[in-house]
Asker: 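Could you have a look at this structure, given as structure tokens, before my questions?
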Number of protein chains: 2
Amino acid sequence: MAVDRRQQIIDAATNSFSLFGYKATTIDQVAKLANVGKGTIYTFFKNKEELFDEIINDLIKEMKEVANDAVNPSDSFYENVHRALYKLLEFRKKHQLTIKLSQEARDIGTPAVLEVMEKLELAILNFIKDKVILAIQKGEIKDCDPEITSFIMMKLYIALIFDWEKKNEPLNKAEISELFEFYLFRGLST
Amino acid sequence: MAVDRRQQIIDAATNSFSLFGYKATTIDQVAKLANVGKGTIYTFFKNKEELFDEIINDLIKEMKEVANDAVNPSDSFYENVHRALYKLLEFRKKHQLTIKLSQEARDIGTPAVLEVMEKLELAILNFIKDKVILAIQKGEIKDCDPEITSFIMMKLYIALIFDWEKKNEPLNKAEISELFEFYLFRGLST
DNA sequence: CAAATGACCAATCGGATAAAATGGTCATTC
DNA sequence: GAATGACCATTTTATCCGATTGGTCATTTG
């Protein structure tokens, strides 16, 4: 059986990263899990970090799909951004690999993992930024700096989904949607 | 000369905490700096942490003054909150002791320091919450949950002052004021 | 002979242990 | 009786050394 050795390696590594994190995953272990000699891994990937990068790029691709699936052109900008951001952050919150990597970033601070987490955030940020630019062009929202606007949207979302529940009862999806709309779109002024 | 031994100790400890942080400050060191026997410290304070707490309570008092000074009853709610939050976070950003403690919380995670930083955040949060409640009563802003509103205001401010400049050119006071007003008060909707 | 392999190597990690430092006490001093 | 610093139990830090790890490459295999 001519199995795809490269894919076997990626699958094994993804599994191990998800279970044990980046640092605690050894190349020996990946080789064993992939039923492959250790040297073989180095014929496909320059080193451990490049293997990691490839897996993260797959993850980002997956996230882009999730985000795009959440967008429905006939809905409003606000509705779409809300659904996309919510789905993205829920994805991040539930996906084994991202959970493990978040922990590792927080508890150990492995440099390669910190880098990768920034890359993930940036991917989300850019996705939102594109939507913001489009919405401005269509006149769906006021003219504003897309960079800052997407930054604030993500910060607000992270605050509502992750930070708020550190000290309070978690907010459900409907509440978050409402708050997002209330504060960012309608505004506080009377 | 009947110097105030208690105040001497507090001054010495404040100095040492500011320079070296909580963990790296030893009671022996504080005693030396305060020109006081080590045992004397324990006649005024039950232990190291209580001495620390007293210093932090002084700091919070100082912060409350800064915040109150920034408030001018004849100005709008938005204007006052902006000035107060800005002053508070600038204070935190420039004050030796808070800088050192932020570093220690991030790099070492000393439990006593983490606790204290939460206490600081909570003090700010409560200050803002009171202002929000008043503003709702006066009809200066829409009816909303003061808890969530103050939480979001602070998160937005921290994002604009601390987080934004990790990746971009820092925003000046006027820009922050403008963004604060634009996103939170006027809203994005057209 | 090209792809796969695992013994091998230098570098890093981590557990064990001993030494130093620290928070806190209390008998003695002033 | 307030102040002190030698003293103690506990924690932290430094040091060592065997185990582990990422990565290489001469050898094997299909």
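Letters A, B, ... mirror the listed sequences (proteins, then strands); counts begin at 1.
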Asker: Hey, does the side chain of A/R6 come within less than 4.0 Å of C/dA4's phosphate (OP1/OP2), counting only N and O?
Answerer: no

Asker: Is A/T149 reaching over with its side chain to a backbone N or O of A/D145, donor-acceptor style, under 3.5 angstrom?
Answerer: yes

Asker: Check B/K61 with B/E65, please: is the shortest side-chain N to carboxylate O separation under 4.0 Å?
Answerer: no

Asker: Can you measure A/D28 atom CG to C/dC8 atom C1' for me and round it to whole angstrom units?
Answerer: 12 Å

Asker: When you group the ILVMFWY residues by side-chain heavy-atom contacts below 4.5 Å and let the links chain together, are A/W164 and A/F162 in the same group?
Answerer: yes

Asker: Can you confirm whether the side chains of B/S177 and B/Y86 place a donor and an acceptor under 3.5 Å from each other?
Answerer: no

Asker: Return the residues of residues 9-21 of chain B meeting this criterion: a heavy atom under 4.0 Å from some atom of DNA chain D. Order them by number, or give none.
Answerer: none

Asker: If we ignore angles and hydrogens, is there a donor and acceptor under 3.5 Å between the side chains of A/S74 and A/N72?
Answerer: yes

Asker: Start with the C-alpha gap between B/K100 and B/E104, add the side-chain angles, then the distance that decides, and say whether salt bridge (Lys or Arg N to Asp or Glu O under 4.0 Å) holds.
Answerer: CA-CA 6 Å; B/K100 201 69 204 177; B/E104 189 171 346; over 6 Å; no

Asker: Would you mind classifying the nucleic acid contact of B/K46 as base, sugar-phosphate or nothing, using non-hydrogen atoms under 4.0 angstrom?
Answerer: nothing

Asker: Between which nucleotides of DNA chain D, read 5' to 3', does contact with chain B run, using atoms under 4.0 Å from its heavy atoms?
Answerer: D/dA3 to D/dT13

Asker: Can you measure B/Q29 atom CD to C/dA21 atom C1' for me and round it to whole angstrom units?
Answerer: 13 Å

Asker: For A/K167 and B/E118, run salt bridge (Lys or Arg N to Asp or Glu O under 4.0 Å): C-alpha distance rounded to whole Å, both residues' side-chain angles, the deciding distance at 0.1 Å, then the answer.
Answerer: CA-CA 11 Å; A/K167 291 272 173 191; B/E118 275 195 30; 2.5 Å; yes

Asker: Under a 4.0 Å heavy-atom cut-off, which of residues 32-44 of chain B touch DNA chain D?
Answerer: B/V36, B/G37, B/K38, B/G39, B/T40

Asker: Using atom types as modelled and distance alone, determine if a side-chain donor or acceptor of B/K129 lies under 3.5 Å from a backbone N or O of B/I124.
Answerer: no

Asker: Do the side chain of A/S16 and the main chain of A/A13 share a donor and acceptor less than 3.5 angstrom apart?
Answerer: no

Asker: What verdict does the salt bridge (Lys or Arg N to Asp or Glu O under 4.0 Å) test give for A/E54 and A/R6, after you've listed the backbone C-alpha separation in whole Å, the side-chain angles of each residue and the deciding distance to 0.1 Å?
Answerer: CA-CA 11 Å; A/E54 175 122 359; A/R6 188 189 156 87; 2.3 Å; yes

